[in-house]
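Atoms considered below: every heavy atom in the structure, side chains included; atoms not considered: hydrogens, waters and symmetry mates. In this chain, numbering begins with 1 at the start of the sequence shown.
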Amino acid sequence: QVHLVESGGGLVQPGGSLRVSCAASGFTLNRYRIGWFRQAPGKEREGVSCISSSGGQIYYADSVKGRFTISRDNPKNSVYLEMNSLKPEDTAVYYCAADGVPWCGTTWSKGQNYDYWGQGTQVTVSS
């Protein structure tokens, strides 16, 4: 059975850092592009970042560029999102998603293209 499980969310002060992880079971991540998405209360889901199956292609939303870093460890079947200089507007539930297309490309931020989703992890940025 296919599962994606996010972890590492929590409460952090503005300017702080957090790393969220996405672990896969039931399938091998190294053939999938992985996207990180987030959804804040009352807002639409937003694509945050994408990493291709090989890790050689990476995209970020403008809102997180320069502050967030996506990475993957294929032998560990995991993907990570390192978040620095966090702002209150980064508060959201963060989801990872896997898609069988190996590259990110222009469709990376469209959630409907992804096959598998995790349950999400809450990130709250507040003083």
Is there a path from Met83 to Val48 through hydrophobic residues (I, L, V, M, F, W, Y) whose side chains come within less than 4.5 Å of each other? yes
Evaluate the criterion side chain to side chain contact (heavy atoms under 4.5 Å, CB included) for residue pair Thr69 and Ile58; output intermediate values, then yes/no. CA-CA 9 Å; Thr69 302; Ile58 289 175; over 6 Å; no
Under 4.5 Å between any side-chain heavy atoms of Ser126 and Leu11, yes or no? yes
In this structure, OG of Ser52 is separated from CH2 of Trp103 (nearest 0.5 Å) by 10.5 Å
Apply the test side chain to side chain contact (heavy atoms under 4.5 Å, CB included) to residues Ser53 and Arg31: give CA-CA distance (whole Å), side-chain angles for both, the deciding distance (0.1 Å), then the verdict. CA-CA 5 Å; Ser53 60; Arg31 297 183 179 183; 5.6 Å; no
Any side-chain heavy atom of Thr28 within less than 4.5 Å of one from Asn77? yes
Kindly compute the distance separating SG (Cys22) from CG (Leu4), expressed to the nearest 0.5 Å. 4.5 Å
Using modelled atom types and a 3.5 Å cut-off, is there a donor and acceptor pairing between side-chain atoms of Ser49 and backbone atoms of Tyr59? yes
Joint hydrophobic cluster, Trp108 plus Val64, side-chain heavy atoms closer than 4.5 Å: no
Answer yes or no: does atom NZ of Lys43 have more than 12 heavy-atom neighbours from other residues, nucleotides or ligands under 6.0 Å? no
Indicate the ring-plane relationship of Phe37 and Trp117, choosing parallel, tilted or perpendicular according to the 30° and 60° boundaries. tilted
Could you check if a side-chain atom of Gln57 sits within less than 4.5 angstrom of a side-chain atom of Cys104, using non-hydrogen atoms only? yes
With a cut-off of under 6.0 Å to the ring centre and 45° to the axis, is Arg38 in cation-pi contact with Tyr94? no
Above 12 or not: heavy atoms from other molecules or residues under 6.0 Å from CD of Gln1? no
Check the side chains of Thr91 and Gln122 for a donor-acceptor pair under 3.5 angstrom, ignoring hydrogens and angles. no
Would a distance-only check, ignoring hydrogens and angles, find a side-chain to backbone donor-acceptor pair under 3.5 Å from Ser54 to Gly56? yes
Interatomic distance, CZ@Arg45 vs CD@Gln112, rounded to 0.5 Å, equals 7.0 Å
Give a yes or no on whether a salt bridge exists between Lys87 and Asp90, defined as a side-chain N under 4.0 angstrom from a carboxylate O. no
Would you say Ser109's side chain and Gly47's backbone share a donor-acceptor pair under 3.5 angstrom? no
Report yes if some heavy atom in the side chain of Val125 is under 4.5 Å from a heavy atom in the side chain of Gln13; otherwise report no. no
Examine Trp36 together with Phe68 and report whether their ring centres are nearer than 6.0 Å. no
Is there a side-chain contact between Phe27 and Tyr116, using heavy atoms and a 4.5 Å cut-off? yes
Look up atom CG in Leu81 and atom CG in Leu18, then write down how far apart they are to the nearest 0.5 Å. 9.5 Å
Are the side chain of Ser63 and the backbone N or O of Ala61 linked by a donor-acceptor pair below 3.5 Å? no
I'd like to know whether Ser7 forms a side chain to side chain contact (heavy atoms under 4.5 Å, CB included) with Ser21, so could you lay out the CA-CA distance, the side-chain angles of the two residues, the decisive distance to 0.1 Å, and finally the verdict. CA-CA 5 Å; Ser7 61; Ser21 302; 3.8 Å; yes
Is a side-chain donor or acceptor of Glu6 paired with a backbone partner of Cys96 at a separation under 3.5 angstrom? yes
Less than 6.0 angstrom from the centroid, inside 45 degrees of the normal: does Arg33 satisfy that with respect to the ring of Tyr114? yes
Walk me through it: do Tyr32 and Asn30 pass the test side chain to side chain contact (heavy atoms under 4.5 Å, CB included)? CA-CA 6 Å; Tyr32 293 77; Asn30 63 8; over 6 Å; no
Is any side-chain heavy atom of Ile34 closer than 4.5 Å to one of Arg72? yes
In terms of hydrophobic clusters joined by side-chain contacts under 4.5 Å, are Val93 and Ile70 together? no
Assigning hydrophobic clusters by single linkage (Ile, Leu, Val, Met, Phe, Trp, Tyr; side-chain heavy-atom cutoff under 4.5 Å), is Leu86 placed with Val20? yes
Taking atom types as modelled, is there a side-chain donor on Ser17 or Asn84 under 3.5 Å from an acceptor on the other? yes
Using modelled atom types only, decide if a donor and an acceptor are shared between the side chain of Asn74 and the backbone of Val79 within a distance under 3.5 Å. no
